[in-house]
Asker: 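Okay, here's the structure, questions in a sec.
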Amino acid sequence: MIRTTLFTTLLAAVLGLAASVAGAGELKANRTALISGETLELTYTSDKAVTQDVYLAIVLADGATFFMDTTGNFPAYKAGAATPARLSKPAAGSHKLLSFTVPEGFTQEISFYVAEGRAGSDILAGDTWNYDVDTRRSKTVSFQKRATELDGGSVSASTGKTLYDQHCAVCHSDPKLNLGFIQRGIDPKKTMAKNASLVPMKYLSKLSRDEIINIAAYIASAR
Ligand code: HEC
């Protein structure tokens with residue numbers, strides 16, 4: 001009897017928590033790994049009207065932080081000054097945050113954060129911040145080299161497909177269905193680094209650099 005009550009209470013607490021988290025907006029990215037010429041689309045989707053402003057922070061690998069404003073400019077973050085909001089109290093629905101076509105030679109990893117916070121404040125101020133931590137969402141996106149930029153020689157996506165089916169598909173399945181994950185293998189260096197460091201992939205160190213580059217070309221073509 002007591003157990004049932006306790007269980008029901010716990011369940012209600014868990015469901016309540018899940019409901020409040022699900023109530024906040026979602027940050028969506030069409031891809032989390034891109035090569036030059038592809039376009040990153042970030043959107044903010046909320047199933048109810050947002051009563052606060054929505055902020056979009058862009059954080060580079062070296063920690064430099066920018067907030068994109070309503071016009072699409074992104075001034076660097078200034079402590080003590082009002083942080084520019086990306087969306088001002090947006091209505092329910094899906095809102096475009098960013099559309100960025102990757103230029104040639106642009107290779108880096110960038111983290112995007114959104115959060116709902118108090119309008120006109122420095123939202124990172126103090127110990128408690130002026131934004132609602134429960135609404136914070138993030139995506140890390142890597143902008144990568146094409147396989148052919150690493151090796152101008154003869155790169156074959158079809159040879160890569162054969163190798164992929166043999167060595168990678170068992171764990172990573174169809175690369176088209178796996179955008180945020182195996183897609184990082186578009187950059188052969190990422191696969192080689194994983195082969196060197198990750199226990200379940202270590203045995204794949206036997207694959208040559210050229211084989212990994214062909215696999216990368218296949219992953220880039222399967223999009
Ligand atoms: C035995 C299972 C297994 C096989 C086979 C395997 N992988 Fe992985 N791979 C993993 C796991 C597990 C991870 C996640 C590690 C982590 O948390 O970063 C991973 C991560 C990766 C990543 C990094 C993804 C990221 O988000 O940084 C790349 C790239 C990758 N694998 C490429 C490959 C390629 C290419 C092959 C075939 C040559 C392959 N893997 C074969 C299990 C496997």
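A quick note: this is a predicted structure, and the numbers were derived from the prediction, not measured. Atoms within a ligand are numbered from 1 in the order they appear, just like the ligands themselves.
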Asker: Answer whether the closest heavy-atom distance between the side chains of V102 and T39 falls below 4.5 Å.
Answerer: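 Answer no - side chains too far apart.
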Asker: Starting at CZ of R209, measure out to NZ of K189 and round the result to the nearest 0.5 Å.
Answerer: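 Nearest 0.5 Å value for the CZ-NZ distance: 9.5 Å.
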Asker: With a sphere of 6.0 Å drawn around CG of D62, does it hold more than 12 non-hydrogen atoms of other residues, nucleotides or ligands?
Answerer: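 Atom CG in D62 is packed in, count exceeds 12.
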Asker: Checking side chain to side chain contact (heavy atoms under 4.5 Å, CB included) against T83, which of D69, D122, D53 comes through?
Answerer: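 Considering D69, D122, D53, a side chain to side chain contact (heavy atoms under 4.5 Å, CB included) with T83 is found only for D122.
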Asker: For atom 23 (C) of ligand 1, which candidate among M192, K194, Q166 holds the nearest heavy atom?
Answerer: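 Residue with the shortest heavy-atom distance to the ligand atom: K194.
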Asker: Mind telling me whether Y55 and F67 have parallel, tilted or perpendicular rings, with 30° and 60° as the class edges?
Answerer: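 F67 and Y55: perpendicular rings.
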Asker: If you measure every N or O of H167 against every N or O of ligand 1, does any of those distances drop under 3.5 Å?
Answerer: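 N/O-N/O distance below 3.5 Å does not exist for this pair.
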Asker: Please identify which atoms of ligand 1 are closer than 4.0 Å to at least one heavy atom of Y203.
Answerer: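 Counting atoms of ligand 1 from 1, those under 4.0 Å from Y203 are 5 (C).
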Asker: Looking only at heavy atoms, is any part of L207 under 4.0 Å from ligand 1, and if so is it the side chain, the backbone, or both, or is it neither?
Answerer: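 Side chain only.
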Asker: Does any N or O in the side chain of S205 come within less than 3.5 Å of the main-chain N or O of N195, such that one atom is a donor and the other an acceptor?
Answerer: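 Indeed, once roles are kept as given, a pair shorter than 3.5 Å links the two residues.
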Asker: Within a distance under 4.0 Å of any heavy atom of I182, pick out the atoms of ligand 1 and give their elements.
Answerer: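 Heavy-atom distances to I182 below 4.0 Å select 30 (C), 32 (C), 33 (C), 34 (C).
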Asker: How about F143 and F100: are their ring centres within less than 6.0 Å of each other?
Answerer: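 Yes, close enough.
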Asker: Using a 4.0 Å cut-off to any heavy atom of G185, which atoms of ligand 1 qualify?
Answerer: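 The atoms of ligand 1 under 4.0 Å from a heavy atom of G185 are 29 (C).
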Asker: With rounding to 10 degrees, what does the angle M201:SD / atom 8 (Fe) of ligand 1 / H172:NE2 come to?
Answerer: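 Angle SD(M201)-atom 8 (Fe) of ligand 1-NE2(H172): 170°, rounded to 10°.
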Asker: Run the numbers for me: atoms of ligand 1, each under 4.0 Å from some heavy atom of C171, listed by number.
Answerer: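 Answer, ordered by atom number: 1 (C), 2 (C), 3 (C), 4 (C), 5 (C), 42 (C), 43 (C).
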Asker: Could you list which atoms of ligand 1 come closer than 4.0 Å to a heavy atom of L198?
Answerer: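 What qualifies from ligand 1 is 9 (N), 10 (C), 11 (C), 13 (C), 15 (C), 19 (C).
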